[in-house]
Amino acid sequence: MPRKLFKRFLPSHDSVKANRHVLRLGPWIKYPNLWHLNRRSVAGAMAAGLFAGLIPGSNPVQFTAAALLAIAGRVNLPVAMLVTLYSNPFTIVPLYYCAFKLGQLVLLQGEDTLPSFALGLEGKGFSEWIPAALHWIATVGKPLVVGLPLLALLLALIGYCAVDWAWQLYVRCAWARRRGRRAKTL
């Protein structure tokens with residue numbers, strides 16, 4: 001796979017090791033595969049980053065989860081943390097909607113859309129608003145709680161397989177080009 005492309009965007013090993021937050025991890029970050037760009041390490045980092053990207057919370061929470069998953073799986077740490085950026089303010093609503101629909105599918109709930117919240121509150125006072133809000137959260141919460149980890153696992157599996165396949169395809173094509181160049185010189 002194009003290592004030069006990855007190396008252009010990733011921080012150097014020394015700059016990451018010098019970071020004061022990373023220094024707290026101490027001996028855990030000394031495993032060499034956390035920094036190497038090979039097929040298994042990058043594919044695993046993609047899976048870890050895709051999974052951690054759907055963890056509710058802001059980027060520091062997702063970065064931390066991706067780092068812990070990368071350390072536990074001994075996959076490329078910077079790639080795992082970088083991949084979590086796929087969930088951002090522009091993509092989070094569609095991702096959570098997909099997770100909600102997946103949760104509905106798994107729980108065999110036949111509702112077509114999200115339960116309406118704003119329409120049910122028209123003309124109600126504050127004392128009626130709180131129970132209505134809690135009811136809405138309860139109806140949305142169960143499919144979302146089930147769908148979110150399932151979508152994270154599904155995205156992680158797809159990401160791992162896609163990177164693994166793309167890396168193998170790139171290597172095969174590179175070898176074929178090399179064989180073609182050698183055949184021309186002979």
Side-chain angles (χ1 to χ4, degrees), residues 1-13 15-17 19-25 28-29 31-107 109 113-114 117 136-137 139-170:
M1 199 63 181
R3 290 182 189 193
K4 292 177 186 175
L5 173 72
F6 282 119
K7 285 186 178 183
R8 264 192 284 165
F9 297 108
L10 295 176
S12 70
H13 181 80
S15 68
V16 172
K17 283 174 71 175
N19 186 313
R20 64 185 171 106
H21 299 294
V22 175
L23 286 173
R24 294 179 188 164
L25 297 173
W28 293 349
I29 63 166
Y31 188 74
N33 222 21
L34 293 176
W35 311 104
H36 287 267
L37 292 170
N38 57 45
R39 186 182 59 152
R40 181 196 170 280
S41 182
V42 173
M46 177 67 76
L50 287 171
F51 185 84
L54 278 182
I55 292 175
S58 61
N59 280 342
V61 173
Q62 295 170 347
F63 285 165
T64 304
L68 293 174
L69 287 171
I71 290 169
R74 294 184 175 174
V75 296
N76 192 286
L77 180 67
V79 171
M81 292 176 68
L82 191 66
V83 169
T84 62
L85 295 175
Y86 81 96
S87 65
N88 55 55
F90 300 111
T91 61
I92 200 69
V93 172
L95 286 168
Y96 272 52
Y97 183 73
C98 288
F100 173 77
K101 295 305 276 182
L102 182 62
Q104 277 187 329
L105 182 71
V106 169
L107 293 174
Q109 294 180 351
T113 60
L114 284 167
F117 180 63
W136 184 81
I137 289 171
T139 57
V140 170
K142 195 179 288 185
L144 194 59
V145 166
V146 170
L148 210 52
L150 287 177
L151 182 62
L153 286 172
L154 184 65
L155 288 176
L157 180 67
I158 290 170
Y160 183 91
C161 292
V163 169
D164 190 56
W165 177 79
W167 196 291
Q168 287 181 13
L169 183 65
Y170 178 83

Which pair of heavy atoms, one from Leu69 and one from Ala52, lies closest together, and at what distance? CD1-CB, 4.3 Å
Closer than 3.5 angstrom, by distance alone: can the side chain of Thr84 be matched with the main-chain N or O of Phe63 as a donor-acceptor pair? no
Look up atom CG in Leu144 and atom CG in Leu102, then write down how far apart they are to the nearest 0.5 Å. 10.5 Å
So CZ of Arg39 and CG of Asp164: to nearest 0.5 Å the spacing works out to 4.5 Å
Between Leu34 and Pro78 the two heavy atoms that sit nearest each other are O-CD, 3.5 Å
Examine distances only and state if a side-chain atom of Ser41 and a backbone atom of Leu37 form a donor-acceptor pair shorter than 3.5 Å. no
Could you tell me the separation between the CZ atom of Arg40 and the CZ atom of Arg74, rounded to the nearest 0.5 Å? 9.5 Å
Find the distance between CG (Leu54) and CG (Leu153) and round it off to the nearest 0.5 Å. 10.0 Å
In short, Asn76 meets His36 closest at the heavy-atom pair ND2-O, 2.9 Å
To the nearest 0.5 Å, what is the distance between CD1 (Ile158) and CE (Met46)? 12.0 Å
Are the side chain of Gln62 and the backbone of Gly53 linked by a donor-acceptor contact shorter than 3.5 Å? yes
Can you give me the closest heavy-atom contact between Leu50 and Leu155, atom names plus distance? CD1-O, 3.1 Å
For Ser87 versus Ile92, what's the shortest heavy-atom pair and its separation? CB-CD1, 4.0 Å
Let me see the working for Val83 and Phe51 under side-chain contact (heavy atoms from CB on, under 4.5 Å), right down to the final yes or no. CA-CA 9 Å; Val83 169; Phe51 185 84; over 6 Å; no
Determine whether Leu95 and Tyr86 satisfy the following criterion, side-chain contact (heavy atoms from CB on, under 4.5 Å), listing intermediate values before the conclusion. CA-CA 10 Å; Leu95 286 168; Tyr86 81 96; 3.7 Å; yes
Tyr160 and Ala47: which non-hydrogen atoms are nearest, and at how many Å? CB-CB, 4.0 Å
Could you state the interatomic distance from CG (Leu150) to CG (Leu105), rounded to the nearest 0.5 Å? 10.0 Å
